[in-house]
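Heavy atoms only: backbone and side chains are in, while hydrogens, waters and symmetry mates are out. Within every chain, numbering begins at 1; the chains are lettered A, B, ... in the order of the sequence lines, protein sequences first and strands thereafter.
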Amino acid sequence: MLWKSLSDVAGRGAAIVQCVCFMDVFSNHVLQIQQCIGPSMLPTFNIRGDILVTERLSVKLGKIRVGDVVMARSPSDPRMVVCKRILGLEGDTITVVSDKGGSAKIPKGHVWLQGDNFHKSRDSREYGPVPSALLQGRVFYRIWPPQGWGFVG
Amino acid sequence: MGWALLLAKRAAIGAMIGIAVSDELVSLARMQGSSMEPTLVAGKSLMEGDVLLLDKFPGHDFGFSRGDVVVLRSPHEPQYWMVKRLIAVEGDMLRVPGKRELVQVPKGRCWVEGDNANVSLDSRNMGPIPMALLKARVTRVVWPLERFGRVESILPTGRIVAHGERPIR
């Protein structure tokens, strides 16, 4: 009797472990659902948090293009994930419109991230070009709010 | 037919669990390049060189300590990984050989150097790098057996003049 119950528990436990592993691998390597909160991507995304679907493949294959919206680890705070648009790739020259002004050539292996909200975004204008190794994925679909449902361009 | 499908299913589940463990817990890696000699030794091909045990836990909350040997994504060549020693973290003021001024490590960045100072390309060339690039801590060499043992977290003395938490003003 006890053996059968232990065997049941082990079976359920194994199923849970497999489920957790599947979700972990799927969200790290295929698709992830994330929220983008804050004003930096207005008017594209709302302040209070849109729910977005990020695909991992483009970043892994190095097929990111100017204009893509991406999720990335912040160079100024490793615990933070930021949502910004790619305005330049390695080798591009960016003309920086800010207090410091001037232009910057994006070094090898780096990208220029900028929020759509010109005035209220902390991005490459502040922390410089970002290593593309910090990019997590490309945002390609919005699933919340309902009126914003659809592809992100 | 039944057994082939069952085998495929078991293999897929095994691979998935293996990938999850390797991403989040521990994994193995083969050392390449001589930038960490003599601590870690590489071979002339992928068949030779130290096999390292990587601890993925510090990568979750970035709980790396000064002196740890770390595995990180290369800032200039994102398809490559680097193995270096973590020398300083955000806020630290450190002495850099060849520079007169002290370097302060900016917020969110860190300073890494290879033990083999003569050949290593590291923060001395490229400056402080984002801490978010650090993905794992090297805890042990597991192969070859003659070199089996812990990889110690050692901070070279005299480099850090002030710690981030207690700035000297």
Side-chain angles (χ1 to χ4, degrees), chain A residues 11 13-30 32 56 58-64 70-82 84 86 89-91 105-113 122-124 126-137, chain B residues 9-25 27 56 58-64 70-82 84 86 89-91 104-112 121-123 125-137 164:
Chain A
I16 291 176
V17 165
Q18 287 169 29
C19 211
V20 166
C21 285
F22 175 77
M23 290 187 331
D24 185 75
V25 171
F26 191 79
S27 70
N28 281 339
H29 297 274
V30 184
Q32 186 164 17
R56 304 288 206 158
S58 296
V59 166
K60 286 186 198 293
L61 298 177
K63 291 202 185 319
I64 289 290
V70 295
M71 293 290 194
R73 286 260 171 213
S74 166
S76 343
D77 184 354
R79 296 186 176 89
M80 210 164 65
V81 175
V82 298
K84 305 286 175 196
I86 303 251
L89 302 173
E90 71 182 14
K105 183 145 189 244
I106 302 175
K108 187 166 182 298
H110 288 60
V111 297
W112 189 271
L113 297 182
R122 310 181 71 174
D123 46 45
S124 284
E126 186 178 300
Y127 43 67
V130 172
S132 43
L134 293 185
L135 299 181
Q136 290 192 331
Chain B
K9 184 178 160 210
R10 292 260 161 96
I13 292 177
M16 197 183 64
I17 295 179
I19 293 174
V21 167
S22 166
D23 282 351
E24 309 288 356
L25 304 182
S27 72
K56 298 295 176 79
H60 299 149
D61 64 349
F62 300 95
F64 296 99
V70 294
V71 173
L72 56 137
R73 304 280 305 270
S74 164
H76 291 284
E77 290 164 311
Q79 67 274 33
Y80 290 116
W81 296 79
M82 296 171 33
K84 305 288 173 194
L86 179 64
V89 300
E90 71 183 7
Q104 178 154 47
V105 181
K107 187 172 181 306
R109 298 350 190 253
C110 61
W111 187 275
V112 298
L121 293 178
D122 47 45
S123 285
N125 316 92
M126 55 177 94
I129 57 166
M131 164 100 47
L133 290 171
L134 273 53
K135 299 296 180 196
R137 188 170 65 94

Go through the steps to decide whether B/Glu90 and A/Ser76 satisfy the test side chain to side chain contact (heavy atoms under 4.5 Å, CB included), and finish with yes or no. CA-CA 9 Å; B/Glu90 71 183 7; A/Ser76 343; over 6 Å; no
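- At a 4.5 Å heavy-atom cutoff, the contact between A/Asp77 and chain B is made by backbone and side-chain atoms alike.
- Annotation for A/Arg73 and B/Phe62: closest pair NH1-CE1, 4.0 Å, computed over non-hydrogen atoms.
- Nearest heavy-atom pair across A/Val25 and B/Ala20 is CG2-N, 3.7 Å.
- Across B/Gln79, B/Met131, B/Glu24, the residue that shares the most heavy-atom pairs under 4.5 angstrom with chain A is B/Glu24.
- In the displayed structure, A/Lys108 atom NZ is contacted under 6.0 Å by more than 12 heavy atoms of other residues, nucleotides or ligands.
- Note: A/Leu134 CG to B/Ile129 CD1 = 9.5 Å, rounded to the nearest 0.5 Å.
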Before giving the answer on side chain to side chain contact (heavy atoms under 4.5 Å, CB included), spell out for B/Ile19 and A/His29 the whole-Å C-alpha distance, their side-chain angles and the decisive distance to 0.1 Å. CA-CA 10 Å; B/Ile19 293 174; A/His29 297 274; 3.8 Å; yes
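- Chosen from A/Gly109, A/Pro75, A/Gly62, the residue pairing most often with chain B at heavy-atom distances under 4.5 Å is A/Pro75.
- If you measure heavy-atom distances from A/Tyr127 to chain B, the contacts under 4.5 Å come from both the backbone and the side chain.
- Comparing B/Ser74, B/Pro78, B/Pro106 by heavy-atom pairs within less than 4.5 Å of chain A, the highest count is held by B/Pro78.
- Considering all non-hydrogen atoms of both residues, B/Gly108 and A/Pro78 come closest at CA-CD, 4.1 Å.
- For the atom pair B/His76 NE2 and A/His110 NE2, the distance stands at 5.0 Å (nearest 0.5 Å).
- Residues of residues 9-16 of chain B having a heavy atom under 4.5 Å from any heavy atom of chain A, listed by number: B/Ile13, B/Met16.
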